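Since the structure is predicted, the reported quantities are computational estimates derived from the model, not experimental observations.
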Amino acid sequence: MRVVFAGTPAPAVPALQALIDSDRHEVAAVVTRPDAPAGRGRKLVRSPVGALADEHGIEVLTPAKASEPEFLARLREIGPDCCPVVAYGALLREEALSIPEHGWVNLHFSLLPAWRGAAPVQAAIRHGDEITGASTFRIVRELDAGPVFGVVTEQIRGTDTSGELLERLSISGAGLLAATLDGIEDGSVRAEDQPADGISYAPKVTVDDARVDFTAPAAAVDRLVRAVTPEPGAWALLGEERFKLGPVTVTDEQLPAGEIRPEKRRVLVGTGTTAVALGEVQAAGKKRMAATDWARGTRIEQGEKLQ
């Protein structure tokens, strides 16, 4: 099939690469978010998907909105049979959805109808799910509600951060998306409506959402920190200073919620149940360091708390 691929961040790259490598599909163009300022110099930088397309000499379209008349006209000129989508990051309206004969097929990193929305991987970890996966579905007007073509499953490990889990899902999901397009082309797959039961939503995670509440149980603290690692990053306050926190380890020790107890080989912080041992800590404007090194360089008074 002749396809136009829509995607933006690094987790979309394996899927684009799989379609470029396929001998059954032609990637005629890529749609991605406009170049954005990055780094200290704030120079405009191409998205990871756009950069891969450039490497392969594929046309890159960067509309500010997918409803722009110029973009829609170019999409009609290209004439894609199908438009696969992975984390594109912009709203697709009916004018765009109606152009390809086989519609827009989205790769979403959850087992739909669970965790519709922008942050399904983070939500699955934070809520303690044991199994997640990826789904391919036809995009409709309602958020992530279209009929599903296929799924792959993935076990959530007890130490998984959202970054680690998303990396695995991006690879297995790439194979699923390629197989879905194969099946659409030869008529061997059909989309099935999502069940009405089991719908849940995963909105975008904000910086405020990533603040650690040490009055919560240790298991909840552990899941929250892993869910927001690497982005936007878990954090807490010591006095007026903000510190980012890496993944923690649940212990059997007892401490008042938030209280810090530096030891020779670990730094404990109390929670609503048992204490957790901090992993890495990062002060504003500084590099990440082991919690023990951080504690040695920080004057922590007895009874002082992270909040």
ask   = Are the charged groups of Glu142 and Arg116 less than 4.0 angstrom apart, N to O?
value =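 Yes, this pair counts.
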key: Pair Glu77 + Arg74: basic N to acidic O under 4.0 Å   =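 A salt bridge links Glu77 with Arg74.
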request  = Check whether any side-chain heavy atom of Gln307 sits under 4.5 Å from a side-chain heavy atom of Phe214, and report yes or no.
outcome  =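 Not in contact.
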ask   = Got Val49 and Val86 here, is their nearest side-chain heavy-atom distance under 4.5 Å?
value =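 Side chain of Val49 against side chain of Val86, heavy atoms only: no contact under 4.5 Å found.
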ask   = Residues two or more places apart in sequence or in another chain: which of them pass salt bridge (Lys or Arg N to Asp or Glu O under 4.0 Å) with Glu70?
value =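 Once residues adjacent in sequence are excluded, Glu70 has no partner under the salt bridge (Lys or Arg N to Asp or Glu O under 4.0 Å) criterion.
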key: Those residues that, when tested against Arg126, pass salt bridge (Lys or Arg N to Asp or Glu O under 4.0 Å) (two or more places apart)   =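 Scan of Arg126 (salt bridge (Lys or Arg N to Asp or Glu O under 4.0 Å), adjacent residues dropped) gives none.
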key: Check against side-chain contact (heavy atoms from CB on, under 4.5 Å), Arg168 and Asp160   = CA-CA 10 Å; Arg168 297 203 306 275; Asp160 270 337; 2.8 Å; yes
task = Begin from the C-alpha positions of Ile260 and Leu238 and carry the test side-chain contact (heavy atoms from CB on, under 4.5 Å) through to its verdict.
result = CA-CA 10 Å; Ile260 309 167; Leu238 179 59; 3.8 Å; yes
I'd like a table of donor-acceptor pairs (distance under 3.5 Å, sequence neighbours excluded) in which one partner is a side-chain atom from residues 251-259, with atom names and distances.
unit_1, atom_1, unit_2, atom_2, d
Thr251, OG1, Glu253, N, 3.1
Thr251, OG1, Ala275, O, 2.8
Glu253, OE1, Arg261, NH2, 3.2
Glu253, OE2, Arg266, NH2, 3.1

Can you give each donor-acceptor pair under 3.5 Å made by side-chain atoms of residues 90-106, sequence neighbours left out, with the distance rounded to 0.1 Å?
unit_1, atom_1, unit_2, atom_2, d
Ser98, OG, Glu94, O, 3.2
Ser98, OG, Glu95, O, 3.3
Trp104, NE1, Ala96, O, 2.8

When clusters are formed by joining ILVMFWY residues with side-chain heavy atoms under 4.5 Å apart, either directly or through shared neighbours, do [X] and [Y] land in the same one?
X	Y	value
Leu224	Phe243	yes
Ile184	Leu112	no
Val140	Val189	no
Val250	Val269	yes
Val13	Val121	yes

Trace of the side-chain contact (heavy atoms from CB on, under 4.5 Å) decision for Val3 with Val27 = CA-CA 5 Å; Val3 303; Val27 181; 4.0 Å; yes
inquiry  = With a sphere of 6.0 Å drawn around CD of Gln17, does it hold more than 12 non-hydrogen atoms of other residues, nucleotides or ligands?
reply    =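 Count over threshold, so yes.
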Gap between atom [atom2] of [Y] and atom [atom1] of [X] - 0.5 Å precision:
X	Y	atom1	atom2	result
Asp222	Thr249	CG	OG1	7.5 Å
Leu177	His108	CG	NE2	14.0 Å
Thr229	Gln122	OG1	CD	10.0 Å
Glu130	Gln155	CD	CD	8.0 Å
Ile131	Ile156	CD1	CD1	7.5 Å
Thr180	Leu107	OG1	CG	8.0 Å

Enumerate, atom names and distances included, each donor-acceptor pair closer than 3.5 Å involving a side-chain atom of residues 279-294, sequence neighbours excluded.
unit_1, atom_1, unit_2, atom_2, d
Gln282, NE2, Lys286, O, 2.7
Asp293, OD1, Arg296, NH2, 2.4
Trp294, NE1, Thr298, OG1, 3.3

message = Restricting to non-hydrogen atoms, name the atom on Ala28 and the atom on Arg2 that form the minimum distance, rounded to 0.1 Å.
response =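 Closest heavy-atom pair between Ala28 and Arg2: CB-CZ, 3.6 Å.
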request  = Start with the C-alpha gap between Glu59 and Val4, add the side-chain angles, then the distance that decides, and say whether side-chain contact (heavy atoms from CB on, under 4.5 Å) holds.
outcome  = CA-CA 10 Å; Glu59 180 180 357; Val4 170; over 6 Å; no
query = How would you list all residue pairs meeting ring pair (Phe, Tyr, Trp, His ring centres under 6.0 Å) that involve residues 121-146, not counting sequence neighbours?
reply =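 The answer is Trp115-His127.
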Main-chain N/O of Gly270 paired with Lys305 side-chain donor or acceptor, under 3.5 Å =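 No, the answer is negative, given that no donor and acceptor are paired below the 3.5 Å cut-off.
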inquiry  = So does Ala12 get a backbone contact from the side chain of Ser170, meaning a donor-acceptor N/O pair under 3.5 Å?
reply    =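 It does not hold such a pair.
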ask   = In terms of side-chain heavy atoms, does Asp186 have a donor or acceptor partner in Ser188 at a distance below 3.5 Å?
value =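 Side-chain D/A pair, Asp186 to Ser188: present.
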query = Pick from Val85, Val60, Leu61: which one makes a side chain to side chain contact (heavy atoms under 4.5 Å, CB included) with Val31?
reply =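 Going through Val85, Val60, Leu61 one by one, the side chain to side chain contact (heavy atoms under 4.5 Å, CB included) with Val31 is satisfied by Leu61 alone.
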